[in-house]
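See below for the structure under consideration.
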Amino acid sequence: IHAFGAFYKARFTPQATDIDGSYEWFINDNNELSKFYSQKNKYDYYEHLINAYYSGNYNKLKIDFNIDYMFRDNEESQSINEKDNLGTNSITIKDKSLGNLLATELNASYPLGKSTISFGSEYTNSSRQQNLSNVESVVENSDTHIEEDNAAVYAEITRAFRQLSLTLGLRYEYTHNKYYEFGEILDDKSREYNELLPTLSLTFPIKKTMWQLGYSRNLIRPLYSQLSSSISYTNKYLYERGNPLLKTSYRDNISLVMKYKWLMLTADYKRTKDRRITSSTIYNDSIILIEKDNSLNDIHSYELMAIISP
């Protein structure tokens, strides 16, 4: 049996908004500012998506192949007028970003005795370029470009031993990330990773109960928007910015599940290395706060849960 297909999808989303509002801001030992603002946004979003797939069987060997390509073009303009008891402020920001993604995956599975073996490979190439300009120079102009290549191979085997079921898996992943500002590559902000990611699952009965013990390690990568050094303007006293020095987070998961009739108990432990949190600092020795994500050391979390479904 063989099956294959392809599709193409295009999307265009124009959007325009007018916003009028007010809020209160406290600075300098509770000096209250009553602030009024008007904001006009224009947003154009283009997306093209192409997918092709193949699935086939060769005797006992099953093969699946997928390839995707995506292109995005975002253009946004902001015109903001603010007024408070310290004066007025006008700002115009233009933000343009281009992104594309090519992703492929080849997966195969084969029964071997009482076991099932699956293996495959993945490859992803992606890039994002963002150009932000501000006529009034209230926020910094920026031109960032991030390119990333990611390749992975993996294998998994599942074996049943009477009432016991065991699954073992291993994934190797290589990532090369290149970071540019104004066309120049910055080595201190570029990244390269080589990682082994194991998984294990063991299912077994104890008298009238069923138990499952599991372990896995996975990666949590920062978004391109979190890595960009471009500044996002929230208001006169609050900016947001990405952090190109963010690290990939690693999460180790250990779980134990017990099922008995209508009762299920779960216990989970998670250890996250280089977890990201958002913090605020003073911007350029002013009264302006700027928010950005930072990487922390290990964070440990525990969870116990009971589910009753009579």
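Considering CG of D95 and CG of N131, their distance stands at 8.0 Å, rounded to 0.5 Å. Distance check, rounded to the nearest 0.5 Å: CG of D268 to CD1 of I254 gives 10.0 Å. Summarising the geometry, atom CD1 belonging to I50 is positioned 13.5 Å from atom NZ belonging to K9; distances are rounded to the nearest 0.5 Å. Interatomic distance, L200 CG to L168 CG, rounded to the nearest 0.5 Å: 5.0 Å. Of the inter-residue distances, the one linking L213 atom CG with W211 atom CH2 reads 10.5 Å to the nearest 0.5 angstrom. D18 contributes atom CG, which lies 8.5 Å from atom CG of N41 (distance to the nearest 0.5 angstrom).
Residues L49 and L101 share a hydrophobic cluster, clusters being chains of Ile/Leu/Val/Met/Phe/Trp/Tyr side chains in contact below 4.5 Å. Grouping the Ile, Leu, Val, Met, Phe, Trp and Tyr side chains by contacts below 4.5 angstrom, directly or via other members, places L166 with L256. In the hydrophobic cluster analysis, where Ile, Leu, Val, Met, Phe, Trp and Tyr join through side-chain heavy atoms closer than 4.5 angstrom, I91 is grouped together with L132. The hydrophobic clustering, which links ILVMFWY residues whose side-chain heavy atoms are closer than 4.5 Å, places F71 and I67 together. Clustering ILVMFWY residues whenever any of their side-chain heavy atoms sit less than 4.5 angstrom apart, transitively, puts L227 in a cluster other than the one holding Y250.
For the pair D68 (side chain) and N51 (backbone), a donor-acceptor distance under 3.5 Å is absent. Side-chain atoms of S249 come within 3.5 Å of backbone N or O of D274 as a donor-acceptor pair. Between the side chain of E136 and the backbone N or O of T92, at least one donor-acceptor pair lies under 3.5 Å. Of the possible polar contacts, one joining the Q226 side chain to the L223 backbone as a donor-acceptor pair under 3.5 Å is found. N243 places a side-chain N or O within 3.5 Å of a backbone atom of L245 that can act as its donor or acceptor partner.
I206 approaches F204 most closely through the heavy-atom pair CD1-CE1, 3.7 Å. For the pair A306 and L265, the tightest heavy-atom approach, listed with the atom from each and the gap, is CB-CD2, 3.5 Å.
Donor-acceptor pairing under 3.5 Å is lacking for the side chains of Y154 and E156. Between the side chains of T144 and Q129, not a single donor N or O lies within less than 3.5 Å of an accepting N or O. Side-chain contact of D143 with Y180: a donor-acceptor pair under 3.5 Å is absent, judged by distance alone. E47 and Y45 share a donor-acceptor pair across their side chains, judged by distance under 3.5 Å alone. Counted by atom type alone, S55 and D64 present one or more donor-acceptor pairs between their side chains at under 3.5 Å. Side chain to side chain, T17 and Y43 fail the donor-acceptor criterion of an N or O pair below 3.5 Å. Judged purely by distance below 3.5 Å, without hydrogens or angles, the side chains of Y8 and H48 pair a donor atom with an acceptor atom. Remark: the N177 side chain and the S190 side chain contain no N/O donor-acceptor pair separated by less than 3.5 Å. Between the side chains of N150 and Y193, no donor-acceptor pair is found at a separation under 3.5 Å. Checked by atom type, the side-chain pair S142/S230 shows a donor-acceptor distance below 3.5 Å. Side-chain contact, S228 with Q130: a donor N or O sits under 3.5 Å from an acceptor N or O.
For E192, the CD atom sits in a packed shell: over 12 heavy atoms of surrounding residues, nucleotides or ligands are nearer than 6.0 Å. Few gaps surround OH on Y302; more than 12 heavy atoms of other groups in view lie less than 6.0 Å from it.
Using cut-offs of 30° and 60° for the angle between ring planes, the H300 and Y269 rings count as parallel. Ring geometry, Y174 versus H176: the interplanar angle falls from 30° to 60°, so the pair is classed tilted.
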Q: Could you go through the side chain to side chain contact (heavy atoms under 4.5 Å, CB included) check for R276 and I220 one step at a time?
A: CA-CA 10 Å; R276 293 181 293 276; I220 307 171; 3.4 Å; yes

Q: Could you walk me through whether N194 and Y172 pass the side chain to side chain donor-acceptor pair (under 3.5 Å) test, one step at a time?
A: CA-CA 7 Å; N194 290 277; Y172 167 73; 2.6 Å; yes

**Q.** side chain to side chain donor-acceptor pair (under 3.5 Å) between S133 and N141, worked out
**A.** CA-CA 5 Å; S133 60; N141 294 339; 5.3 Å; no

Q: Evaluate side chain to side chain contact (heavy atoms under 4.5 Å, CB included) for R162 paired with L164, printing each intermediate quantity in order.
A: CA-CA 6 Å; R162 296 184 179 179; L164 185 146; over 6 Å; no

Q. Taking it one step at a time, do S97 and Y224 satisfy side chain to side chain donor-acceptor pair (under 3.5 Å)?
A. CA-CA 11 Å; S97 63; Y224 278 148; over 6 Å; no

Q. Checking salt bridge (Lys or Arg N to Asp or Glu O under 4.0 Å) for the pair D298/R271: CA distance, chi angles, key distance, verdict?
A. CA-CA 7 Å; D298 293 3; R271 170 185 172 267; 3.0 Å; yes

Q.
Quick one, T158 with S165, criterion side chain to side chain contact (heavy atoms under 4.5 Å, CB included). Give me CA distance, side-chain angles, the key distance, then yes/no.
A. CA-CA 7 Å; T158 301; S165 177; 4.3 Å; yes

(Q) I'd like to know whether K62 forms a side chain to side chain contact (heavy atoms under 4.5 Å, CB included) with Y110, so could you lay out the CA-CA distance, the side-chain angles of the two residues, the decisive distance to 0.1 Å, and finally the verdict. (A) CA-CA 7 Å; K62 182 179 180 182; Y110 188 82; over 6 Å; no

Q: Check step by step if salt bridge (Lys or Arg N to Asp or Glu O under 4.0 Å) holds for D73 and K96.
A: CA-CA 8 Å; D73 182 354; K96 180 177 176 62; 3.1 Å; yes

Q) Could you walk me through whether N66 and E105 pass the side chain to side chain donor-acceptor pair (under 3.5 Å) check? A) CA-CA 5 Å; N66 272 278; E105 180 178 9; 5.8 Å; no

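Between Y58 and H2, the ring centre distance stays below 6.0 Å. Here F65 and Y54 keep their ring centres 6.0 angstrom or further from each other. Taking the six-membered ring wherever Trp is involved, the centroid distance between the rings of Y233 and Y239 falls below 6.0 Å.
H145 places a side-chain heavy atom less than 4.5 Å from the side chain of S127. Residues E181 and K189 form a side-chain contact, since some pair of their non-hydrogen atoms from C-beta on lies under 4.5 Å apart. For the pair E148/R221, a side-chain contact is recorded, criterion being any heavy-atom separation below 4.5 Å from C-beta on. Residues I185 and Y179 fail the side-chain proximity criterion, which asks for heavy atoms closer than 4.5 Å. You'll find the side chain of V257 reaches within 4.5 Å of the side chain of M264, heavy atoms only.
Ion pair E140/R241 flagged as a salt bridge, since at least one NZ, NE, NH1 or NH2 atom sits closer than 4.0 Å to an Asp/Glu carboxylate oxygen.
Considering R191, R128, K178 as possible partners of E147, the one that fulfils the salt bridge (charged side-chain N to carboxylate O under 4.0 Å, His left out) test is K178. When each of R171, E173, R251, E195 is paired with N218, the side chain to side chain contact (heavy atoms under 4.5 Å, CB included) condition holds for R251 and for no other.
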